[in-house]
Amino acid sequence: MSSRPLVEKIAFFFFIVMTLVRLVLAARLGLGDDEAYYWDWSRSLSLSYFDHPAMVAWLIKAGTLLFGDTPFGVRVFGLLSGGLAGVLLWWLARELFDRRIAALTLLLYTFAPIFAVGGFLMVPDAPMAFAWTAFTCILWKLWGSSTSRTRDWILAGLVLGFGLLSKYTMLLAAVSAVALFLSDRARRRDLVSSRFFLTITIVVAMCVPILAWNHVHEWPSVKFHLHDRQTGGGGPSLLRWLQFWASQFFVLGPVLFVVCMMALVAAFRRRSESRWKFIALVSAPPLVVFAIQALFAEFKAHWPAPAFPLLFIGASALWTEWKPISRKIVAGFVVAFFALTDGIFYISAVHPILPTLSRLVNPAGQFEPQFDPTNDLYGWDELVAHLRPIREKEKASTGKDVLLSAGRYQLVSQFAFASGEEVLRAAKTTDHYSFTQTPEKRAALKGADAIFVSDNRFYRDPRTDGTFETCHNLDDFKVKRGEEPARIFYLWICRGFKGA
């Protein structure tokens with residue numbers, strides 16, 4: 001057995017340190033908007049949900065049963081998923097190349113902003129990242145070697161099904177697998193083998209919850225992802241397409257992005273080698289699909305993330321082939337960018353440094369709190385405490401309980417987590433609450449009074465929706481982190497919920 005290179009020891013040291021840092025932050029910091037949204041899903045477990053499949057809710061439920069309705073309980077299985085994905089990626093890089101390239105890959109995975117920034121958050125991408133990496137490892141054994149057995153095909157089906165129960169993007173991993181087998185004349189027969197059909201049967205069986213829920217509700221997820229989300233961008237836009245590539249430039253860092261694209265080109269040029277063909281055909285589908293999608297509709301920067309773990313392997317292998325001076329220059333730029341972006345995010349999560357940095361650049365400028373995404377993790381407990389005496393006074397005056405209400409799912413779910421109550425989503429939109437806050441439930445609340453909350457990110461005047469008979473303003477509630485403004489909550493007391 002070969003001895004462990006120094007770079008591997010360094011890689012695992014930083015991987016473990018960053019995992020521990022994320023564990024601490026996961027326990028200390030409030031939930032992000034989407035995390036609170038998925039936590040609210042877990043309060044009404046279902047076979048699937050409007051936005052995503054159900055795995056994220058199931059895992060959150062398991063975590064909160066173990067650790068309570070706490071941020072750590074919400075996040076624990078997301079942290080575990082991310083850690084396992086890193087170890088599996090290291091193993092795959094070692095199988096494809098060697099321990100040195102595996103260590104470099106692990107370092108990139110640990111610190112690249114697309115995975116490191118928010119790496120302690122629980123979102124559907126976390127279990128999907130584990131499933132995608134695990135499936136990729138199994139796929140290499142199925143396609144890249146002749147030692148696969150029926151149990152490997154069974155395992156591939158189980159992992160692919162787990163991924164599809166996490167996020168629909170996992171379907172692109174299946175596309176990559178089919179492309180690999182089609183690309184090899186000797187392996188095409190596997191696509192009509194009994195083992196392949198066994199794998200497909202397992203995947204379909206595991207996706208029954210998704211199919212059943214959508215069938216009962218007239219396929220809302222399918223309509224949302226394949227139609228509504230694809231037609232809401234106002235048509236083809238070259239500017240938006242360029243913004244997509246700019247976003248990838250940022251979430252990877254300019255130098256690493258360029259090296260990853262060089263690795264993708266090199267992978268196709270060297271496709272006569274099975275390992276490079278594997279990198280090319282597994283990494284290309286998510287990048288190509290979401291690049292095309294961005295031309296026609298809105299996008300999010302993290303959507304192509306499944307393309308990059310294998311490209312990290314290719315980039316690491318390519319980097320080792322260069323001259324020492326080139327390697328040093330590239331490594332220096334990559335490390336500097338990682339230190340800057342990761343450092344700013346992780347420090348900002350516990351201490352608001354972005355306003356200070358903004359004043360250093362522009363002393364006369366005014367920093368807007370919504371430009372610091374870590375402010376989303378703060379303020380809700382303080383708001384609930386502030387509203388408690390107001391609600392008690394209202395109840396004493398009217399004899400009725402006062403509901404909590406908001407117009408955006410982000411605010412509804414954060415409000416619900418902080419208060420432990422069900423919060424009325426009072427707005428004309430479609431989301432998870434359209435299915436849990438049914439017309440019957442809303443009708444039962446007709447005539448109720450509520451405190452409606454908006455904020456400086458998602459301002460909404462409840463009077464514009466016509467969901468209450470009357471609304472009047474309360475004093476704004478301002479949240480600070482130390483001396484820095486973090487957010488403003490706009491409050492209304494609304495009377496006579498119309499029940500719609």
Side-chain angles (χ1 to χ4, degrees), residues 21 25 28-34 111-114 116-121 234 237-258 294 298-302 332-383 385-386 406-408 410-411 414-415 452-461 464 473-492:
V21 168
L25 292 179
R28 175 174 177 176
L29 298 177
L31 297 185
D33 291 341
D34 286 349
F111 291 107
I114 195 169
V117 172
F120 57 89
L121 303 179
S237 169
L238 179 60
L239 175 61
R240 184 176 55 242
W241 188 73
L242 293 175
Q243 289 172 340
F244 168 82
W245 289 110
S247 73
Q248 303 309 294
F249 201 74
F250 177 76
V251 297
L252 291 173
V255 175
L256 179 57
F257 172 78
V258 170
E298 297 300 326
F299 68 91
K300 293 186 178 180
H302 67 278
F333 278 111
V334 169
V335 170
F337 186 83
F338 287 178
L340 179 64
T341 54
D342 295 357
I344 288 176
F345 178 82
Y346 280 94
I347 294 172
S348 293
V350 296
H351 181 75
I353 63 168
L354 284 178
T356 302
L357 295 176
S358 175
R359 286 191 288 269
L360 289 176
V361 175
N362 182 15
Q366 179 68 34
F367 182 80
E368 296 295 334
Q370 60 264 34
F371 293 138
D372 184 348
T374 63
N375 284 338
D376 299 355
L377 308 173
Y378 292 87
W380 288 99
D381 290 337
E382 294 95 322
L383 175 65
H386 171 73
R408 292 277 302 214
Q410 296 94 333
L411 306 182
Q414 288 276 27
F415 215 177
F452 184 94
V453 173
S454 184
D455 75 352
N456 53 304
R457 299 171 307 149
F458 304 118
Y459 180 80
R460 194 185 202 111
D461 187 331
T464 63
N473 294 90
L474 300 174
D475 291 337
D476 299 341
F477 181 66
K478 299 179 180 179
V479 176
K480 287 189 173 184
R481 295 172 59 190
E483 297 300 317
E484 299 292 348
R487 69 195 314 165
I488 302 173
F489 290 107
Y490 303 103
L491 309 176
W492 287 263

Are the side chain of [X] and the backbone N or O of [Y] linked by a donor-acceptor pair below 3.5 Å?
X: Asn375; Y: Pro369; result: yes
X: Arg460; Y: Arg408; result: no
X: Ser454; Y: Phe458; result: yes
X: Tyr346; Y: Ala116; result: yes
X: Thr374; Y: Ser348; result: yes
X: Tyr378; Y: Lys480; result: no

Separation between [atom1] of [X] and [atom2] of [Y], rounded to the nearest 0.5 Å:
X: Ile353; Y: Phe345; atom1: CD1; atom2: CZ; value: 11.5 Å
X: Leu377; Y: Leu31; atom1: CG; atom2: CG; value: 8.5 Å
X: Gln248; Y: Gln243; atom1: CD; atom2: CD; value: 12.5 Å
X: Thr356; Y: Ile347; atom1: OG1; atom2: CD1; value: 11.5 Å
X: Ser247; Y: Phe257; atom1: OG; atom2: CZ; value: 8.5 Å

With a 4.5 Å cut-off on side-chain heavy atoms, are [Y] and [X] touching?
X: Val361; Y: Leu357; value: no
X: Val453; Y: Phe477; value: no
X: Asp372; Y: Glu484; value: no
X: Ser358; Y: Phe371; value: no
X: Asp455; Y: Leu411; value: yes

Open item on the list: Are Trp380 and Phe489, when compared by the centres of their aromatic rings, separated by less than 6.0 Å?
Closed with: yes
Could you report the tightest heavy-atom contact between [X] and [Y], atom names first, then the distance?
X: Pro113; Y: Thr341; result: CG-OG1, 3.3 Å
X: Phe338; Y: Leu252; result: CE2-O, 3.7 Å
X: Arg481; Y: Val350; result: NH2-C, 3.7 Å
X: Val251; Y: Ala301; result: CG1-CB, 4.0 Å
X: Tyr459; Y: Tyr490; result: CD1-CD1, 3.5 Å
X: Phe111; Y: Asp342; result: O-OD2, 2.6 Å

TODO: Apply the test side chain to side chain contact (heavy atoms under 4.5 Å, CB included) to residues Trp492 and Asp461: give CA-CA distance (whole Å), side-chain angles for both, the deciding distance (0.1 Å), then the verdict.
DONE: CA-CA 9 Å; Trp492 287 263; Asp461 187 331; 4.1 Å; yes
Open item on the list: Checking Gln414 against Asp33: is there a side-chain donor and acceptor pair closer than 3.5 Å?
Closed with: yes
Task: Enclosure of Asp475 CG (heavy-atom neighbours >12, cutoff 6.0 Å) - done: no
Task: Exceeds 12 heavy-atom contacts within 6.0 angstrom, atom CZ of Arg359 - done: yes
